[in-house]
Amino acid sequence: MKRALLILLIALIHAAPRAQAQSAASGKPAGAARSDAAPPTTAAASSAVPDISADECGCDANLPDVLATVNEVKITRGEIDQQLSSELRELRQAVIAARRGELDVQINSQLLRAEARKRGVSEKKLIEEEVAARAKKPTDDEVQAFYQDSKNQVQGDFSEVRAELTDHLKNRYLREAGKQFADRLRAGAAVKILMAAVTPPKNKAERARVVALVNEEPLTSGDIEDALAPLISNAQRRMNQLREQVIELKINNVLLEQEAQRNKITTVALLQSQVGPKIKTVSETDARAFYEQQKEKLNVDFAKAEDRAKLIAYLQKQEEYRAQAAFAEELRRRAAIEIFLPPAALAIAIDDQPMLGSSTAPVTIVKFTDFQCPSCAQAHPVMKDLLKAYAGKVKLVLRDFPLARHTHARKAAEAAEAAREQGKFWEYVEILYGNQSQLDLKNLKEYAARLNLDRAKFDAALDSGKFSAKVERDIQDGLKLGVDATPALFINGQRVTDWTPESLKSMLNDLR
């Protein structure tokens, strides 16, 4: 909560490069209306930006020179990165910009902590008093004027978008108040910037170098890198996803060329002889059957000859792709293929955390959860099934990340810790997930009675906030890892977005 508020209300103007880098790392533009939108790239923009090396970025400097081999033919990093030059340049540039902005975020963080200690209040309370309370509130006239000025960009009548525009202006005024507060803190502080440009550390010694002094308190290069670790990991993952796509195509091309050479024919002739006969001809009956199954998703009128012809052509092209993919898979089964792309992993603390499974299991699943989150409850049996299927191979670590919009989630997390103190954590968790609409304080205490816990001890822990600091630690660690929703899963330090049983089992099979 504290870091999220800090970034939103105080340092958002400085943290903008980080947000842009997160967008680039995920492959989506910041503020995109659609979640499946692609990042905007143009040839002109790419050519205007100079090449950026991996060392300058600190994103992917440890990759091997050879990324794959196919029947002893080497696929080098140089040839793959050359094909991805514009995409990689964009990602690296975004991380470099975020590193510059992070220096300001860290300075503001230190000033905020110092001011909170000076006043004897929490950072959250300080922000509420100095930012939220002072921020201007948008008037109806201002919202109306903003709508008039933004008509070309806004879809819908004023009545439909009024609430959204009001929130937009509120956030704008909060940012302005946050910047004003940050400026006031800086005006009364001794801030010395010791490095003209913050560059990624190459070793442990460089992590210790001091990049700035804030009231004589050092800010190190390691502080910057630790804060950027999730962003850099996301950038690495995105880079390697792009590389994997190109490598897969390259492998298929190499195998196709080798097979053509063995048969002393061209690749075109090889495809014609081996793939052509296996391509199924799509009939109008086939197209109609497909249309009947998918017509609610298709913008097609099958009764129209033109639409019918387009649908048949589309399905025919899919048949060609399937036949080509089947031939490529056949070639791959007979080939010796190795890929050397290392995964981008984050270091996640699991000390003093509740765990299921063997502590010596080679695979660690860390789940950041919110006990009031329906998706977290749905993921819980999936995790238990995985532990059974991979007994001795996988362990599950649960960490707390109660979302602000769930009013009972934080206290529920504290209650689970109070139950853990008496050895009934996982039993209590089952009750929480099964009663998500009844997590008020009275019910949390009643659930302890169901498990025959020492009620006096449990109630005292809950009423005193004994485990509040532990929950807060989890929240802060989650924020540093880039967690912004639940459930958030990490397998051996790699963020996992698809937690369907099939996807998780596929990943675990690769890791074992």
Side-chain angles (χ1 to χ4, degrees), residues 1-15 18 102 104-137 170-171 173-191 214-219 223 226-227 230 349 352-353 368-372 399-418 439-441 444 460-484 486:
M1 174 69 75
K2 286 182 283 189
R3 185 167 178 80
L5 282 169
L6 168 70
I7 294 173
L8 174 62
L9 300 179
I10 293 184
L12 188 57
I13 189 170
H14 302 304
R18 185 199 295 171
E102 187 61 31
D104 282 315
V105 173
Q106 292 288 326
I107 290 171
N108 287 351
S109 297
Q110 290 198 16
L111 292 174
L112 180 70
R113 286 193 295 270
E115 186 68 15
R117 287 195 302 266
K118 178 182 175 182
R119 300 191 191 186
V121 298
S122 68
E123 294 169 39
K124 179 181 177 182
K125 180 67 174 176
L126 181 58
I127 291 174
E128 289 173 349
E129 293 175 351
E130 295 291 340
V131 179
R134 295 190 181 203
K136 182 181 176 182
K137 305 299 186 292
K170 282 181 181 177
N171 288 332
Y173 294 152
L174 279 171
R175 287 195 297 269
E176 291 172 355
K179 184 178 185 306
Q180 290 167 5
F181 181 43
D183 290 343
R184 291 198 301 273
L185 290 176
R186 288 202 176 207
V191 178
V214 183
N215 291 331
E216 301 303 320
E217 185 178 347
L219 178 61
D223 294 329
D226 289 344
D352 189 30
Q353 301 293 342
F368 282 85
T369 193
D370 174 323
F371 292 116
Q372 208 173 337
R399 301 202 60 178
D400 296 309
F401 200 82
L403 302 174
R405 68 175 179 271
H406 291 154
T407 55
H408 302 304
R410 180 156 185 149
K411 212 62 182 175
E414 293 181 34
E417 286 297 324
L439 297 182
D440 57 274
L441 190 61
L444 292 176
L462 206 54
D463 293 338
S464 67
K466 180 177 181 179
F467 296 104
S468 177
K470 192 275 178 188
V471 174
E472 181 63 25
R473 176 201 167 188
D474 282 6
I475 294 171
Q476 293 304 311
D477 284 358
L479 290 169
K480 291 175 183 177
L481 293 165
V483 175
D484 56 4
T486 54

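Annotation: Lys118, atom NZ; neighbour count of heavy atoms from other residues, nucleotides and ligands within 6.0 Å does not exceed 12. For Lys470, the NZ atom counts as densely surrounded, since its 6.0 Å shell holds more than 12 non-hydrogen atoms of other residues, nucleotides or ligands.
Residue Leu479 holds its CG atom at 9.0 Å from CZ of Phe368, rounded to the nearest 0.5 Å. For the atom pair CZ of Phe181 and CG of Leu112, the computed distance is 6.0 Å after rounding to the nearest 0.5 Å. The OG1 atom of Thr486 lies 10.0 Å from the CD atom of Gln372; values are rounded to the nearest 0.5 Å. In this structure, CG on Asn171 lies 11.0 Å from CD on Glu176, to the nearest 0.5 angstrom. Leu111 contributes atom CG, which lies 7.5 Å from atom CD1 of Ile107 (distance to the nearest 0.5 angstrom).
Under 4.0 Å is where a charged nitrogen must lie from a carboxylate oxygen, and between Asp370 and Arg405 no such pair does. Contact check on Glu414 versus Lys466 returns no salt bridge, with no Lys/Arg side-chain nitrogen under 4.0 Å from an Asp/Glu carboxylate oxygen. Residues Glu115 and Arg184 are not paired through a salt bridge, judged by the lack of any N-O separation under 4.0 Å between the basic side chain and the carboxylate.
Applying the ring-ring contact (aromatic ring centres under 6.0 Å, His included) test to Phe401 and every residue at least two apart in sequence or in another chain returns nothing. The salt bridge (Lys or Arg N to Asp or Glu O under 4.0 Å) check on Arg473 picks up Asp351, Asp477, with sequence neighbours excluded. Applying the side-chain hydrogen bond (donor to acceptor under 3.5 Å, both in side chains) rule to Glu129 yields no partners; only residues at least two apart in sequence or on another chain are considered.
No donor-acceptor distance shorter than 3.5 angstrom exists from the side chain of Lys411 to the backbone of Ala409, with no hydrogens or angles considered.
For the residue pair Gln353 / Asp474, a side-chain donor-acceptor distance below 3.5 Å is found, with atom types taken as modelled. When only modelled atom types and interatomic distance are considered, Gln110 and Gln106 share no side-chain donor-acceptor pair under 3.5 Å.
For the pair Val471 and Ala413, the tightest heavy-atom approach, listed with the atom from each and the gap, is CG2-CB, 3.9 Å.
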